[in-house]
Amino acid sequence: MAVLSGLSPDQLAELLETTLAGLPSFRAAQIFKWIARGALSFNDMTDLSRDLREKLAARHSLYGSSIADRLDDPDGTVKLKIRLADGAMVEAVLLADGEGRQTACISTQAGCPVGCVFCKTGSLGFLRNLEASEIVEQFLHIRSISPAIANIVIMGMGEPLLNLEELRKALDIITHKDGIGLSKRRITLSTSGIVEGIRHLADAGPDIRLAVSLTTADPALREQLMPIGRSNPLPELKEALRYYQKKRDRRITLEAVLLGGINTRNEDIDALVNFARGLDAAVNLIPWNPVEGMTFHGHALRQPSGAEITQFTRELTRRGITVTRRFRKGRSIAGACGQLGELPR
Ligand code: SAH
Ligand code: SF4
């Protein structure tokens, strides 16, 4: 039976109607609030009678996942390994930015079917989509170790736009004004560039921030680095992003993980400038975080040199592109971008 953490107030009321017939509907709203506040058990819900708490506990589980392990990086990043009800593992990360604002980075799939050649998660293959409750609970677990989460980035394991339905439900709960109430503007979704999903977001929301992992705008190289580019070609991706901006009127982020000696060429700069033309976009550069054993055309991937990063940044800036650089956090615990991975049960 569904765990309660993944249900909206209406769904909760509906469920309780079937399992505890006659329960007044405001009880569902109370339970929803308690979950948002981080109640650990029905017993914590002190405005419910003991009799009701016992009945609820006999019929329902609040949560399905638990923290299996916690790794702390000296830079303040914390990675949680979370065990799901069926034994699958996912990871969620707590990051602090320069000003000390806390961000939760959460996963949407166990593994990832997209298979980018530079990403640890991609190298694991795909196990399954996460349920709404499993996404909400990652947020709750992260908040349990750091009460003031200012932002969420959906940049953990998996491709969020291939699990949009469950993600939508989870975000409805996380942003619900009677519950956690996080603002949609504080949530950023990163996609490998699923054209259909971007159009869905444009049409039906939620109205969150969008980041697209471009990596390079050279089509041939991109298809080699990100096989998803074959079925989601760059011209269609750009069309979808223009459509998104027409509907949502929001600046987007183009992410480029920099792979030393591979996508830092002049051709990549030209292509990126060209792709960004006509979009309201900033480019976020992410120096590749090392993952053991990753190769491209038989050569080990390497981090970009300082000179490569500087050159790339300077040239984009000179050509009128706003460039930001992703802070490197959590490397010692394999908690940085692209390093997340744990599938075995
Ligand atoms: N699947 C989504 C979100 C998760 S990946 C996506 O691909 O966008 C989040 C970001 O990490 C992406 O921009 C991706 O390109 C980047 N990334 C993947 N592997 C990386 C690595 N080893 N080092 C640095 N960034 C990496
Ligand atoms: Fe999947 Fe994103 Fe990793 Fe690509 S970068 S394999 S889409 S998690």
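We count ligands from 1, going down the list as the structure has it; atoms in each ligand are counted the same way.
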Provide, line by line, the atom pairs where ligand 1 and the protein bring an N/O atom each to a distance under 3.5 Å; else say none.
| unit_1 | atom_1 | unit_2 | atom_2 | d |
| --- | --- | --- | --- | --- |
| ligand 1 | 1 (N) | Gly158 | O | 2.8 |
| ligand 1 | 8 (O) | Ser190 | OG | 2.7 |
| ligand 1 | 8 (O) | Ser213 | OG | 2.6 |
| ligand 1 | 13 (O) | Ser213 | OG | 2.7 |
| ligand 1 | 13 (O) | Glu255 | OE2 | 3.3 |
| ligand 1 | 22 (N) | Phe118 | O | 3.1 |
| ligand 1 | 22 (N) | Trp288 | NE1 | 2.9 |
| ligand 1 | 22 (N) | Asn289 | O | 3.0 |
| ligand 1 | 23 (N) | Asn289 | N | 2.8 |
| ligand 1 | 23 (N) | Cys337 | O | 3.2 |

* Any heavy atom of Ser213 sitting closer than 4.0 Å to ligand 2? -> no
* For Gly158, the ligand 2 atoms whose distance to one of its heavy atoms is below 4.0 Å -> 8 (S)
* Hey, mind stepping through Asp178 and Lys33 against salt bridge (charged side-chain N to carboxylate O under 4.0 Å, His left out) and telling me if it holds? -> CA-CA 7 Å; Asp178 299 331; Lys33 268 210 180 78; 5.3 Å; no
* Structure fact -> When distances are taken from atom 4 (Fe) of ligand 2, the protein heavy atom at minimum range is Cys116 SG, 2.3 Å
* Asked: Quick one: do the Asn129 and Gln109 side chains pair a donor with an acceptor below 3.5 Å?
  -> yes
* Structure fact -> Numbered in order shown, the ligand 2 atoms found under 4.0 Å of a heavy atom of Gly122 are 6 (S)
* For atom 3 (Fe) of ligand 2, does an N/O/S atom of Cys112 lie at less than 2.8 Å? -> no
* Can you check ring-ring contact (aromatic ring centres under 6.0 Å, His included) on Phe42 and His60, steps first, answer last? -> CA-CA 9 Å; Phe42 290 108; His60 298 291; 7.3 Å; no
* State, to 0.1 Å, how close Leu140 and Ile180 come at their nearest heavy-atom pair, and which atoms those are. => CD2-CD1, 4.0 Å
* Structure fact -> Looking only at protein heavy atoms, what sits closest to atom 3 (Fe) of ligand 2 is Cys119 SG, 2.3 Å
* To do: Identify which one of Asn263, Asp268, Thr264 satisfies the side-chain hydrogen bond (donor to acceptor under 3.5 Å, both in side chains) criterion when paired with Thr216.
  => Asp268
* To do: Could you tell me whether Arg53 and Asp51 make a salt bridge, using a distance below 4.0 angstrom between a side-chain N and a carboxylate O?
  => no
* Structure fact -> The atoms of ligand 2 lying under 4.0 Å from a heavy atom of Ser192, numbered in the order shown, are 7 (S)
* Non-hydrogen side-chain atoms of Leu301 and Ile262 separated by less than 4.5 Å -> yes
* Structure fact -> Gly115 heavy atoms within 4.0 Å reach ligand 2 at atoms 6 (S)
* Structure fact -> side chain to side chain contact (heavy atoms under 4.5 Å, CB included) test vs Leu189 passes for just one of Ile152, Leu167, Ile198, namely Leu167
* **The single option from Asn43, Ile31, Leu62 passing side chain to side chain contact (heavy atoms under 4.5 Å, CB included) against Leu56** => Ile31
* Lys/Arg-Asp/Glu bridge criterion (N-O < 4.0 Å) met for Arg331, Asp73 -> no
